[in-house]
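Everything below concerns the one structure shown next.
Hydrogens, waters and symmetry mates are skipped; everything else that's a heavy atom, side chains included, is used. The residues of the chain are indexed from 1 along the displayed sequence.
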Amino acid sequence: MTSTLTPQPVERAQPARTGAVARRRTRVLALPEARWAAAATVLFLLALPLQLTGAPAWTWGPLYALSYVTGGWEPGWEGFKALKDRTLDVDLLMVVAALGAASIGQVMDGALLIVIFATSGALEALATARTADSVRGLLDLAPATATRLGPDGGEQAVAVEELTVGDIVLVRPGERVGADGRVLDGASEVDQATITGEPLPVPKERGDEVFAGTLNGTGALRVRVERDASDSVIARIVRMVQEASETKAPTQLFIEKVEQRYSLGMVAATLAVFLVPLAFGAQLTDALLRAMTFMIVASPCAVVLATMPPLLSAIANAGRHGVLVKSAVVMERLGQVDAVALDKTGTLTEGSPRVTDVRPLPGSGLDEGELLTLAAAAERPSEHPLARAVVDAARERGLDLPDARDFTSAPGVGVTAVVGGRTVAVGAPARLLGAAEGTAVKPEEFGPTAAELEESGRTAVLVVVDGTPAGLLGIADRLRPDAAATVASLARLTGSAPVLLTGDNPRAAAHLAAEAGIDDVRAGLLPQDKLDAVRELESAGRKVLVVGDGVNDAPALAAAHTGIAMGRAGSDLALETADAVVVRDELAAVPATVALSRRARRLVVQNLVIAGVFIAGLVVWDLAGDLPLPLGVAGHEGSTVLVGLNGLRLLREGAWQRAAAGESS
């Protein structure tokens with residue numbers, strides 16, 4: 001091995017969230033939509049108490065007028081541009097309805113509609129900007145420069161964009177891999193959770209593939225570049241997220257799906273109510289009053305407000321219980337899902353390795369506590385995730401760890417130290433055996449136990465004391481306590497068992513899936529494979545909910561009918577790409593939110609029926625009889641209040657409790 005592979009002192013990276021990406025966040029007030037919505041809201045909140053306390057109209061009237069202008073000019077302008085394309089959208093209709101309400105004295109009601117629509121537009125713009133921020137930030141996973149080795153072994157720092165296929169690069173301990181390639185020389189462990197989702201660093205040696213952006217461990221690697229920077233796995237993830245976001249079908253609330261017909265019909269009917277009586281000799285004032293009354297009672301204000309309160313109440317209730325649902329559209333869509341795809345590491349599991357088994361070998365003379373003490377004392381100076389798991393297990397048992405001396409670490413093999421006068425080696429059985437040739441270590445002494453641990457989905461770690469195998473430790477990423485119950489709840493809600501999509505190895509995935517109650521397991525998947533699996537389900541007519549947390553889940557989250565990210569360890573890209581985030585990292589909140597969404601959708605239907613009955617009754621009265629304008633306004637506003645109160649039922653604690661108990665109706 002040449003001197004270029006000699007590990008050099010480096011500043012060790014601090015433990016960070018798996019897959020974390022440097023933030024490039026657009027500030028909220030940097031968006032014009034947010035500034036106009038904020039201005040409209042502030043003006044409305046200033047005017048409202050003045051009006052309610054009986055202040056003169058000149059004090060609150062101008063404030064309401066400014067609220068109309070700041071919040072309504074943009075949707076109004078967009079509506080006029082839509083008219084040029086011979087379409088009529090609900091935003092313009094809302095502005096017209098708000099102005100109509102103001103013209104008959106219902107200034108506050110019109111301003112409230114303006115504020116609601118301006119805020120909704122600002123939230124949509126913010127979500128779009130934040131997703132773009134995260135996609136750009138993903139590129140920060142790959143380092144800006146790499147160390148290229150010349151034919152004479154000389155080193156040259158170059159931009160990763162300058163690397164070409166066939167170049168040889170040196171990856172020192174603690175550095176990120178600069179390009180997709182294959183190891184030519186060296187041994188180390190590489191944390192590639194950002195790409196595959198595997199919870200533990202993967203040993204890499206000659207002939208193994210490595211990916212740009214993954215984090216090298218304690219060894220040094222010489223890597224031959226096999227892909228250009230523009231074709232690396234990280235670059236492809238960026239493209240997949242962008243393409244999935246662009247091609248994902250645009251979504252609308254239920255009422256917006258019929259906005260064109262309703263809007264055109266209402267405008268045509270209002271004109272007819274005004275013009276037909278005039279044609280038969282009616283007075284202009286009477287015809288105008290009847291048409292204005294018709295427009296008010298038939299306006300979609302009550303219908304829109306009948307739709308929003310249940311969804312907004314469900315969003316607020318979910319938020320109180322640690323689930324951030326990003327929009328009313330998302331809350332509505334959550335109740336439509338009929339298939340669920342779950343990530344493994346950090347979603348079904350806790351996302352960090354833990355010692356699950358301590359197995360002293362016969363004849364070692366050690367009990368579990370003594371074996372774990374020796375192993376933890378030897379591992380304590382190491383920064384490897386498995387070493388931290390062993391030390392944490394010893395501390396959880398309250399074991400006192402003696403000092404270790406003469407500590408050495410062999411990348412890809414394990415560690416060796418002198419503990420209490422005894423030489424202790426801890427590492428992977430096969431590699432530790434190879435590094436201990438000429439000693440008394442014999443595979444038949446620990447082979448069956450190691451095989452048993454590995455068959456059950458554990459990582460086997462051998463402990464050798466004074467050249468003799470003393471025992472094995474089993475280490476695994478632990479299933480969340482509520483994982484099995486969550487899987488069962490999701491299966492009950494959707495009518496089909498969830499699918500497990502993971503980049504981990506098939507044996508570990510199958511074992512964990514069996515514990516969680518999942519039969520359909522798809523393991524060893526790269527981000528493109530997860531995306532293909534989701535598209536396969538959706539091509540069969542399924543509406544797929546994807547639950548994940550890593551960069552490798554982002555393309556699937558973007559392409560799915562609905563995506564939910566786990567918040568505690570979720571990568572920035574996953575958090576921004578997902579439609580909802582489980583902030584408290586409680587997996588059981590996922591089926592509860594789906595159930596709450598289904599209840600909200602049922603209340604939306606109830607409210608639309610109520611609003612429709614009121615509108616139909618008032619319209620018939622206005623057309624067939626003589627509906628007084630104040631009574632029409634009172635009936636219209638009364639229906640709005642009624643459906644609003646009905647929707648607010650989902651704010652109650654009992655609504656969440658019933659949803660968590662699996663009651664979606």
Side-chain angles (χ1 to χ4, degrees), residues 189 193 196-203 344-345 348-379 382 384-394 396-397 399 410 412-416 424-436 440-465 467-480 483-484 500 502-516 518 521 523-524:
E189 291 102 1
T196 65
E198 293 171 285
L200 302 176
V202 179
K344 184 181 81 70
T345 304
L348 277 180
T349 70
E350 295 176 347
S352 58
R354 292 178 178 270
V355 174
T356 58
D357 300 84
V358 181
R359 303 279 189 89
L361 293 175
S364 67
L366 301 176
D367 59 22
E368 290 188 6
E370 293 169 335
L371 177 65
L372 186 56
T373 297
L374 290 173
E379 291 274 27
S382 173
H384 195 283
L386 291 183
R388 292 196 293 271
V390 174
V391 174
D392 289 344
E396 288 173 5
R397 295 193 183 198
L399 301 176
V413 178
V415 304
T416 303
V424 180
V426 185
R431 299 186 180 220
L432 198 61
L433 177 62
V441 178
K442 299 177 181 178
E444 58 269 19
E445 297 179 17
F446 59 83
T449 305
E452 179 188 343
L453 289 173
E454 291 174 351
E455 284 296 327
S456 62
R458 271 70 168 161
T459 296
V461 174
L462 177 64
V463 182
V464 178
V465 179
T468 302
L472 290 115
L473 306 178
I475 300 180
D477 187 8
R478 217 161 44 179
L479 193 71
R480 291 178 185 266
L500 182 64
T502 178
D504 209 349
N505 67 80
R507 186 166 52 190
H511 177 76
L512 184 133
E515 288 185 54
I518 298 177
V521 181

If I compare all heavy atoms of [X] with all of [Y], which pair ends up nearest, and what's the gap?
X	Y	value
Glu189	Pro201	CB-CB, 3.7 Å
Pro429	Ala460	CD-O, 3.2 Å
Leu366	Ala470	CD1-CB, 3.8 Å
Ala425	Thr416	CB-OG1, 4.0 Å
Val521	Ala510	CG1-N, 4.3 Å
Ala523	Pro506	CB-CA, 3.6 Å

Any side-chain heavy atom of Leu348 sitting closer than 4.5 Å to one from Ile518?
yes

Does Val465 reach the side chain of Leu374, with side-chain heavy atoms less than 4.5 Å apart?
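SC-SC contact between Val465 and Leu374 confirmed.
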
Output every pair passing salt bridge (charged side-chain N to carboxylate O under 4.0 Å, His left out) with a member in residues 367-377, not counting sequence neighbours, ordered by first then second residue.
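Every pair satisfying salt bridge (charged side-chain N to carboxylate O under 4.0 Å, His left out) with a residue in residues 367-377: Glu368-Arg397.
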
Could you grab the distance from atom [atom1] of [X] to atom [atom2] of [Y], nearest 0.5 Å is fine?
X	Y	atom1	atom2	result
Leu473	Leu453	CG	CG	9.0 Å
Ile475	Thr459	CD1	OG1	7.0 Å
Asp477	Leu512	CG	CG	7.5 Å
Leu399	Thr373	CG	OG1	4.0 Å
Thr349	Arg478	OG1	CZ	11.0 Å

So Asp357 and Leu472, side-chain contact (heavy atoms from CB on, under 4.5 Å) or not? Walk me through it.
CA-CA 8 Å; Asp357 300 84; Leu472 290 115; over 6 Å; no

Partners passing side chain to side chain contact (heavy atoms under 4.5 Å, CB included) against Thr356 (at least two apart in sequence or in another chain)
Arg458, Ala476

In chain order, what residues pass the side chain to side chain donor-acceptor pair (under 3.5 Å) check against Arg354, with sequence neighbours excluded?
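Checked Arg354 against side chain to side chain donor-acceptor pair (under 3.5 Å); matches are Glu350, Glu396.
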
